[in-house]
Amino acid sequence: MLDPKLLRETPDLVKASQKARGADESMVDAWIAADSRWRELNAAYDTKRAEQKNLSKEIGPLQGKAKSGDESVTAQLEELMKNASRMADDLTKTAEARDKAEAEAAQIMSGFANIVDVVTPVGGEEDFKIIETVGKPKDFKSLGFQPKDHIELGQILGAIDIERGAKVSGSRFYYLTGPGALLELALVRMAMEFATKAGFTPVLPPSLVRPQAMEGTGFLGQAAVDVYHLPADDLYLVGTSEVPLAAFHMDEILEAKQLPLRYAGFSPCFRREAGSHGKDTKGIMRVHWFDKVEMFSFCNLNDAAAEHQRILELEKEFLKALELPFRVLDIATGDLGSSAIRKFDCEAWIPSQNTYREVTSTSNCTTYQSRRLRIRSKSSESTEFVATLNGTLMASTRTIVAILENHQQADGSVVVPKALVPYLGLEVIKPLANNA
RNA sequence: GGAGGAUUCGCCUAGUGGCCUAUGGCGCUCGCUUGGAAAGCGAGUUGGGGGCAACCCCUCGCGGGUUCAAAUCCCGCAUCCUCCGCCA
């Protein structure tokens, strides 16, 4: 949700943002019309309500007199009751009109995406800016072998079972087995410790949430088709622990002194992947379920940009620790989620695809989510909506793909990055003995 | 799944249709007092919306309803507690 003041006072700013996103600019004027109608009706209601209250207050004492046998007030009382009755009808009608205008304004409001940052590159999916490139993809040719893809490596190592995933659950499902299962657990443990050292509180959040949590984080807008819904219970499966982490402080007023509050959530992530038919159909690059360690910060709006950089630095540091070559992108306006004003993606090199693929993503959502979730902070001076930021630390499937493919050797074995060795207890993942 | 009970300001609590424009205590903040502190005394202390302002309106778990008038009566829902059943 946007700040209504922004729309009332600087509509051109909102229009410019809508334009940069390729969204509808006319919503701005439509909202302003609905809002001014609401304000008018609201003021009218308030005035009438005040009158009604005064009228009602006169009735009580008179009724007391009438009850004690004083018949001189009966006529006056009747007159008052008649007026009050009429007033109540009028009030109901005004309230209905007011509520209608309010609902209309709210409807339009919920369609606004956050105001893009002025520094965000303008354009669509392809218009990202490459901020930096870290590490260098391995030259497998000079090493004398053709790199295998993660599907083949997964088979050789007994780490990933895609066929049985499909048998049991359908396409885009998989089993992690043996060293694959242990690899994920090691990565999770490493990520959690890493995040804890960086000041994030480890959290295991629920991965089923109520509509208001989903709604509040902005996932029931354009992204709604990608969300699993359980109609029997009206619960949603989260696509990221960003949802339960953001909603953690829903309807709360935090002490300004406590900020920033940082959490690292580990949860499964469920995505319907509607509309991505034909993309990444093989392997585990794009799946309906994966596990992820996600960083989430609540901070002052003024500190949000710095916190965003901080989260990005942590993501980079983690990828460096895994010895993965990657690049950092500044995502363009048209490719931002509705909550974000700016987004950085880290893309790791995937040898089998000869390209960089997204492994982490961090967004600055300023007060867009906190307004919807009613999360504020209170200092002695004021009560304000907090800024929220999120960033992937470790998405298991894609991280596993990157590790297997980048660190593979000619025989299919995989060298475990040094930083991960203590968590995995292995220096090399070796092919299964019975595998040719 | 079944049966009861609860939900009022940070915490505890009063409140069975109009005098609730919500008690009282604790805590907290400020002031007086003091060399300084404690005690004592006094004031303040839920959020939100509209209005240039004076001020007005909303907010007693949430949503409806009854009524001229609802913290209070009625209906639905949520959460928590107790007991029974089931269960990792």
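Any value given below was found using the heavy atoms of this structure, including those in side chains, with hydrogens, waters and symmetry copies removed. Bear in mind the structure is a predicted one, so any value in this text is a computation, not a measurement. Letters A, B, ... mirror the listed sequences (proteins, then strands); counts begin at 1.
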Residues passing the side-chain hydrogen bond (donor to acceptor under 3.5 Å, both in side chains) test with A:Asp127, sequence neighbours excluded, are none
Taking side chain as C-beta onward, heavy atoms only, is A:Cys346 less than 4.5 Å from A:Leu312? yes
Which atom names give the shortest non-hydrogen contact between A:Leu389 and A:Ala304, and what distance separates them? CD2-O, 3.3 Å
Would you call A:Asp35 and A:Arg39 a salt bridge, taking side-chain N to carboxylate O under 4.0 Å as the test? yes
Roughly how many Å apart are B:rC9 and B:rG44, using the C1' atom of each and rounding to a whole number? 14 Å
Range-with-range stems for RNA chain B, at least three Watson-Crick or G-U pairs under 3.5 Å: B:1-7 with B:78-84, B:10-12 with B:24-26, B:27-32 with B:40-45, B:47-50 with B:55-58, B:61-65 with B:73-77
Residue list, side-chain hydrogen bond (donor to acceptor under 3.5 Å, both in side chains) with A:Arg357, at least two apart or on another chain: A:Asp280, A:Gln353
From CG of A:Asp89 across to P of B:rC68 the rounded distance in Å is 9 Å
Between A:Lys15 and A:Asp29, is there a salt bridge with N-O shorter than 4.0 Å? yes
Length of the CD-P vector between A:Gln258 and B:rG10, whole Å: 15 Å
Please tabulate the protein-to-nucleotide N/O contacts below 3.5 Å involving nucleotides 60-63 of chain B, giving atom names and distances.
none

Grab the CG-P distance between A:Asn54 and B:rG18 for me, whole Å please. 18 Å
Could you give all pairs that pass the salt bridge (charged side-chain N to carboxylate O under 4.0 Å, His left out) test and reach residues 253-270 of chain A, with sequence neighbours left out? A:Arg262-A:Glu307
Which value, in whole Å, describes the distance between the C1' atoms of nucleotides B:rU13 and B:rC20? 16 Å
Would you tabulate the pairs of protein nitrogen or oxygen atoms and nucleotide nitrogen or oxygen atoms of nucleotides 49-58 of chain B closer than 3.5 angstrom?
unit_1: B:rG49; atom_1: N2; unit_2: A:Asp46; atom_2: OD2; d: 3.2
unit_1: B:rG50; atom_1: OP1; unit_2: A:Arg8; atom_2: NH1; d: 2.7
unit_1: B:rG50; atom_1: OP1; unit_2: A:Arg8; atom_2: NH2; d: 3.2
unit_1: B:rG51; atom_1: OP1; unit_2: A:Arg39; atom_2: NH1; d: 2.8
unit_1: B:rC57; atom_1: O2'; unit_2: A:Asp46; atom_2: OD1; d: 2.9
unit_1: B:rC58; atom_1: OP1; unit_2: A:Arg49; atom_2: NE; d: 2.4
unit_1: B:rC58; atom_1: OP1; unit_2: A:Arg49; atom_2: NH2; d: 3.1
unit_1: B:rC58; atom_1: OP2; unit_2: A:Lys53; atom_2: NZ; d: 2.9

Mind checking the P distance from B:rC77 to B:rG18? Whole angstroms is fine. 29 Å
Distance between the C1' atoms of B:rC28 and B:rG64, in whole angstroms? 38 Å
Taking the C1' atom of each, how far is B:rA14 from B:rU72, in whole Å? 13 Å
Name the nucleic acid region contacted by A:Arg376, choosing base, sugar-phosphate or nothing; use a 4.0 angstrom heavy-atom cut-off, strictly under. sugar-phosphate
Whole-Å gap separating P (B:rC9) and NZ (A:Lys378): 13 Å
Which residue, A:Ala88 or A:Glu384, contacts RNA chain B at a nucleotide closer to its 5' end, judged by nearest heavy atom? A:Glu384
Quick test of your reading: applying salt bridge (charged side-chain N to carboxylate O under 4.0 Å, His left out), list the pairs with at least one residue in residues 98-119 of chain A, sequence neighbours left out, ordered by first then second residue. A:Arg37-A:Glu104
Please report the distance separating the C1' of B:rG49 from the corresponding atom of B:rG40, rounded so that it comes out in whole Å. 41 Å
Taken to the nearest whole Å, CD/A:Glu102 to C1'/B:rG48 is 12 Å
In Å and rounded to the nearest 0.5 Å, what is the CG to CG distance from A:Leu259 to A:Asn302? 11.5 Å
side-chain hydrogen bond (donor to acceptor under 3.5 Å, both in side chains) involving A:Tyr423 - partner list, sequence neighbours excluded: A:Glu193
Residues A:Glu384 and A:Arg376 bridged, charged N to O under 4.0 Å: no
Quick test of your reading: applying side-chain hydrogen bond (donor to acceptor under 3.5 Å, both in side chains), list the pairs with at least one residue in residues 169-185 of chain A, sequence neighbours left out, ordered by first then second residue. A:Glu184-A:Ser396
How far does the C1' atom of B:rG63 sit from the matching atom of B:rU7, given to the nearest Å? 16 Å
Without decimals, in angstroms, what is the distance between A:Glu255 CD and B:rC28 C1'? 11 Å
Work out how far the P atom of B:rC81 is from that of B:rC32, and round it to whole angstrom. 47 Å
Cationic N near anionic O, under 4.0 Å, A:Arg374 to A:Asp251: yes
To the nearest angstrom, how far is A:Arg371 atom CZ from B:rG47 atom P? 17 Å
With a 4.0 Å cut-off on heavy atoms, is A:Lys48 in touch with a base, just the backbone sugar-phosphate, or nothing at all? nothing
With sequence neighbours left out, the residues meeting side-chain hydrogen bond (donor to acceptor under 3.5 Å, both in side chains) with A:Glu313 are A:Lys316
Sequence neighbours excluded - side-chain hydrogen bond (donor to acceptor under 3.5 Å, both in side chains) pairs with any residue from residues 237-248 of chain A: A:Thr240-A:Lys292, A:Glu242-A:Gln369, A:Glu242-A:Asn390
Listed pairs, N/O of protein and of nucleotides 76-79 of chain B, under 3.5 Å:
unit_1: B:rA78; atom_1: O3'; unit_2: A:Arg210; atom_2: NH2; d: 2.6
unit_1: B:rU79; atom_1: OP1; unit_2: A:Arg210; atom_2: NH2; d: 3.2

